[in-house]
Amino acid sequence: MKQRKWWRYLASKKRILLTVLFFVVVGPIGLSAKNAMISNAEKSVSKYKAMLGHDRVPGEFIIRLDSAKSLAQMSTLFSADLGVQSVKNYPKKNPRFLIVNLADDAKAEMFLQKMNSHPAVRYAEPNYTIHLLGNSVTSPLGGGNPGDDNPDDPPDNPDDDDDDDGAPPPNANGEVIPDDAMFDELWGLRDITQPSADIGAAKAWATERGSKEVLVAVFDTGVDYNHEDLNANIAFNEGEMGLDSDGDEKKTNGIDDDGNGHIDDWRGWNFVGYALGGVGSNDPMDLESHGTHVAGTIGAVGNNGIGTTGVVWHVGIIPVQVLGEDGTGNIFDLIPAIDYAISRGADIINASLGSPGFSQSVRAAIEDASEAGILFVASAGNFHRNNDLKPSYPASYNLDNVIAVAATERTGERAIFSHYGKVSVDIAAPGVSIISTIPTSLGSSPYAPKHGTSMAAPHVAGAAALVWSHLGATATYTKVRDRILNSRTWDKALSSAVASSGRLNVYNAVNAIYPPAGEELEESDWEDGPDILDADGNPTIIETQHPYGYDRDDSWTLTSEVANTKYIRLVFKVDTEAVFDYISILDANGVEKQRISDEYPSGFTSLPVESSSVTIKFKSDSFDSDRGDPKQGSYWGFKLEKYQVITE
């Protein structure tokens, strides 16, 4: 049994003592708090109604059988009342996997119930949709030259000598400053106005700038492989390059020359519609912009005199398209994409995408990636939720090769939109106003800013590639993961939001520098505050109307009655329409510190606020007949159960 991130419990002397006592008295049992918590969350979403409550493709399901059977042998499995329209084997998987289509999605719950209770079925689950986790901020930026116009040609510069990049020597601060035209605008890499909030990339480059031997698969809307700042770092598939035995070009001969199940995949693969069509495409060109932006943050070519640079200057980027032009995809296509990354020898997968639906099939595929030695970097999510209570996948899978990434503002604080989770989200990285590459094929400028945890994850994936390059032949995903997480810059503002209590620091990671933790807020340090009383000494109740209705804009101020209060947090009952209606918590200066939205049947505890008073605001929007939420207008609302404090 694998142990999951045991180091996070060694953040304070109390934890060290308890950990030592635990291992002496009990011995290592191999289950961390994250394993236990997420396992419970996974069980809770395995109920059939909950499974069907997440975004999914209606009528589409995947079945995992206990033994291989032909489709003819499966005829007795599907009774007539289930309304099964079609059944076929999952492409490129063994015969134990089936894809099933129902003629009537109204029978979905009955189908899942019967399939999951059938002795021949290991599990059946819906085809969940997945979505990108980043958005445009402003108009695209100018600058740069047009990309390579010929999509059938590799980049013009075949020079693979990664050390011969003409980099200047370190400056007086030990930083290597590339000549990329927009470098000064890349605050996440080097920020002269907020030096403590960047990831220390310029100092890291004095030690390591990367290698094209390290392969990063970008799971996204595709990648503009012709982009001026990316084409030299695209990892072309050598098994599909050159001439075959007949003298024909392998990349266009219509033959699967390398035997990986994909014909002419010399640039990568487009998996959109792959599972149902069984074919896909060998053209993973990005027609949306998200995937190209992510790829540029990881590995735009450094010090080439144009545009931007990635966290790693030299790297092999494998374009793997799993999201369409509308930014959505589904797990049917994500699963074979993971198999493909394994077949291409990827070291790292960046998945700036998410879904609330737990999939046993996707989890198993990521575990296969773990067995193949692949690090899986995933965005935590963008709807200011607590992933400890409401997981977001794939970030929330309890596997030791997964790093879940939250987003930070330029100040270093967690971005208000970012998901978080003291147990389930590992680290934070820059994710607001991040400038990077976008496709030239869209007829726009080659660069633009975006924000989201989608932009934070590639900072971590790029840092992982840089560390992987530095470790060379000794690199493993566990070594790289531990360096990334243990070398973070500790930040009090993040100490209750992510497991590592800090932000990415690639300089520390490359150089194996592990800063100690600062003041950690322990659960045992919190004490309940007394009842809140009004001017007449009567208990004050802070709550919405039940249900709260439309167009609400309410506000309450709570001041701790406990002397010398340093931190305050709130415990709520919450039931709101997700995203559209929310509770906002502001500190004494009126700065919004957290938003809380969605349904939390077991209650919700806010993040700590370093203050003795907070303002609680509640907002609900207007009726929207097009939203399709049958419960809109009838949500219960919230009630403050109590507040808790830590004193000076």
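In the model, Asn386 has no side-chain atom that pairs as donor or acceptor with a side-chain atom of Tyr600 under 3.5 Å. Counted by atom type alone, Asp265 and Asn237 present one or more donor-acceptor pairs between their side chains at under 3.5 Å. Between Ser418 and His384, the side chains place no donor N or O within less than 3.5 Å of an acceptor N or O (distance only, hydrogens not considered). With hydrogens and angles left out, the side-chain atoms of Lys390 and Ser396 include no donor and acceptor closer than 3.5 Å. In summary, the side chains of Thr292 and Asp286 do present a donor paired with an acceptor at a separation below 3.5 Å, with no hydrogens or angles considered. For the residue pair Ser79 / Asp81, a side-chain donor-acceptor distance below 3.5 Å is found, with atom types taken as modelled. When only modelled atom types and interatomic distance are considered, Arg122 and Asn116 share no side-chain donor-acceptor pair under 3.5 Å.
Taking a 6.0 Å sphere around NZ of Lys107, one finds it holds more than 12 heavy atoms contributed by other residues, nucleotides or ligands. Other residues, nucleotides and ligands place more than 12 heavy atoms under 6.0 Å from the OH atom of Tyr123.
No donor-acceptor pair under 3.5 Å is formed between the side chain of Asn127 and the backbone N or O of Val57. Using modelled atom types, no side-chain atom of Thr297 and backbone atom of His459 make a donor-acceptor pair closer than 3.5 Å. Not one N or O on the side chain of Asp333 forms a donor-acceptor pair closer than 3.5 Å with the backbone of Ala337. When atom types are taken as modelled, the side chain of Glu522 and the backbone of Ser524 share no donor-acceptor pair closer than 3.5 angstrom. Between the side chain of Gln594 and the main chain of Leu607, a donor-acceptor pair closer than 3.5 Å is present. Between the side chain of Ser359 and the backbone N or O of Ile331 there is no donor-acceptor pair closer than 3.5 Å. Checking side-chain atoms of Tyr582 against main-chain N and O of Glu577 turns up no donor-acceptor pair under 3.5 Å. Checking side-chain atoms of Thr453 against main-chain N and O of Ala456 turns up no donor-acceptor pair under 3.5 Å. Side chain of Asn260 to backbone of Ser343: no donor-acceptor contact under 3.5 angstrom is found. Remark: the backbone N or O of Ala428 is not paired with any side-chain donor or acceptor of Thr408 at under 3.5 angstrom.
Ion pairing between a basic and an acidic side chain is recognised when a charged N comes within 4.0 Å of a carboxylate O; Asp581 and Arg552 show no such pairing. Salt bridge Asp105/Arg56: present, at least one basic N to carboxylate O contact under 4.0 Å. Looking at Arg267 and Glu240, no side-chain N of the basic residue comes within less than 4.0 Å of a carboxylate O on the acidic one, giving no salt bridge. Using a 4.0 Å cut-off between charged nitrogen and carboxylate oxygen, Lys639 and Asp575 do not count as a salt-bridge pair. With salt bridges taken as basic N to acidic carboxylate O contacts below 4.0 Å, none links Asp66 and Arg96. A salt bridge links Glu599 to Lys631: one of the charged nitrogens lies within less than 4.0 Å of a carboxylate oxygen.
In terms of heavy-atom proximity, Gly354 sits nearest to Ser392 at CA-OG, 4.5 Å. Smallest separation of non-hydrogen atoms from Phe623 and Gln632: CA-NE2, 3.8 Å. Between Asn101 and Ile99, the shortest heavy-atom contact is OD1-CG2, 4.0 Å. Of all the heavy atoms in Ile585 and Phe572, the pair that sits closest is CD1-CE1, 4.1 Å. When every heavy atom of Leu640 is checked against every heavy atom of Val571, the shortest pair comes out as CD1-O, 3.5 Å. Smallest separation of non-hydrogen atoms from Asn387 and Ala380: ND2-O, 3.1 Å.
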Exercise for review: For ring pair (Phe, Tyr, Trp, His ring centres under 6.0 Å), just list the numbers for Tyr397 and Phe358, CA-CA rounded to whole Å, side-chain angles, deciding distance to a tenth of an Å, and then say yes or no.
Suggested key: CA-CA 8 Å; Tyr397 288 117; Phe358 169 76; 5.6 Å; yes

Exercise for review: Go through the steps to decide whether His262 and Phe271 satisfy the test ring pair (Phe, Tyr, Trp, His ring centres under 6.0 Å), and finish with yes or no.
Suggested key: CA-CA 11 Å; His262 303 281; Phe271 283 90; 5.4 Å; yes

Exercise for review: List the steps and the verdict of side-chain contact (heavy atoms from CB on, under 4.5 Å) for Tyr477 and Trp468.
Suggested key: CA-CA 8 Å; Tyr477 81 75; Trp468 207 295; 4.0 Å; yes

Review point. Which is it for Thr221 and Glu325 under the side-chain hydrogen bond (donor to acceptor under 3.5 Å, both in side chains) test, yes or no, and what are the steps along the way?
Key: CA-CA 7 Å; Thr221 57; Glu325 292 180 46; over 6 Å; no

Exercise for review: List the steps and the verdict of side-chain hydrogen bond (donor to acceptor under 3.5 Å, both in side chains) for Asp388 and Ser424.
Suggested key: CA-CA 6 Å; Asp388 293 350; Ser424 60; 2.6 Å; yes

Exercise for review: Could you please spell out the steps behind the salt bridge (charged side-chain N to carboxylate O under 4.0 Å, His left out) verdict for Arg627 and Asp621?
Suggested key: CA-CA 12 Å; Arg627 188 168 298 158; Asp621 67 346; 2.7 Å; yes

Check your understanding: Should Ile348 and Val377 be marked as a side-chain contact (heavy atoms from CB on, under 4.5 Å) after you check the CA-CA gap, both sets of side-chain angles, and the distance that decides it?
Key -> CA-CA 7 Å; Ile348 301 160; Val377 181; 4.2 Å; yes

**Study point:** Evaluation steps, side-chain contact (heavy atoms from CB on, under 4.5 Å), between Trp269 and Gln321
**Key:** CA-CA 6 Å; Trp269 200 259; Gln321 187 170 351; over 6 Å; no

Check your understanding: Going through the checks in order, is the ring pair (Phe, Tyr, Trp, His ring centres under 6.0 Å) test met by Phe383 and Phe417?
Key -> CA-CA 5 Å; Phe383 297 108; Phe417 60 78; 9.6 Å; no

Check your understanding: So Ser352 and Asp220, side-chain contact (heavy atoms from CB on, under 4.5 Å) or not? Walk me through it.
Key -> CA-CA 7 Å; Ser352 289; Asp220 220 289; 3.9 Å; yes

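Val362 has its side chain within reach of Leu334: a pair of non-hydrogen atoms, C-beta onward, lies under 4.5 Å apart. Under the 4.5 Å side-chain criterion, counting only non-hydrogen atoms from C-beta, Ser501 is in contact with Lys422. Counting heavy atoms from C-beta on, the side chains of Ile298 and Asn350 come closer than 4.5 Å. Side-chain contact between Val498 and Ile427 is absent, with no heavy atoms from C-beta onward closer than 4.5 Å. Residues Asp55 and Tyr128 form no side-chain contact, since every pair of their non-hydrogen atoms from C-beta on lies 4.5 Å or further apart. When side chains are defined from C-beta on, Pro394 counts as touching Ile366, because their heavy atoms get closer than 4.5 Å. The shortest side-chain heavy-atom distance between Leu112 and Met51 falls under the 4.5 Å cut-off. By the 4.5 Å heavy-atom criterion applied to side chains, Tyr340 and Val320 are counted as neighbours.
Relative orientation of the Phe219 and Phe376 rings is perpendicular, given thresholds of 30° and 60° on the angle between their planes.
No cation-pi contact links Arg385 to Tyr420, judged by a cut-off of 6.0 Å to the six-membered ring centre and 45° from its axis.
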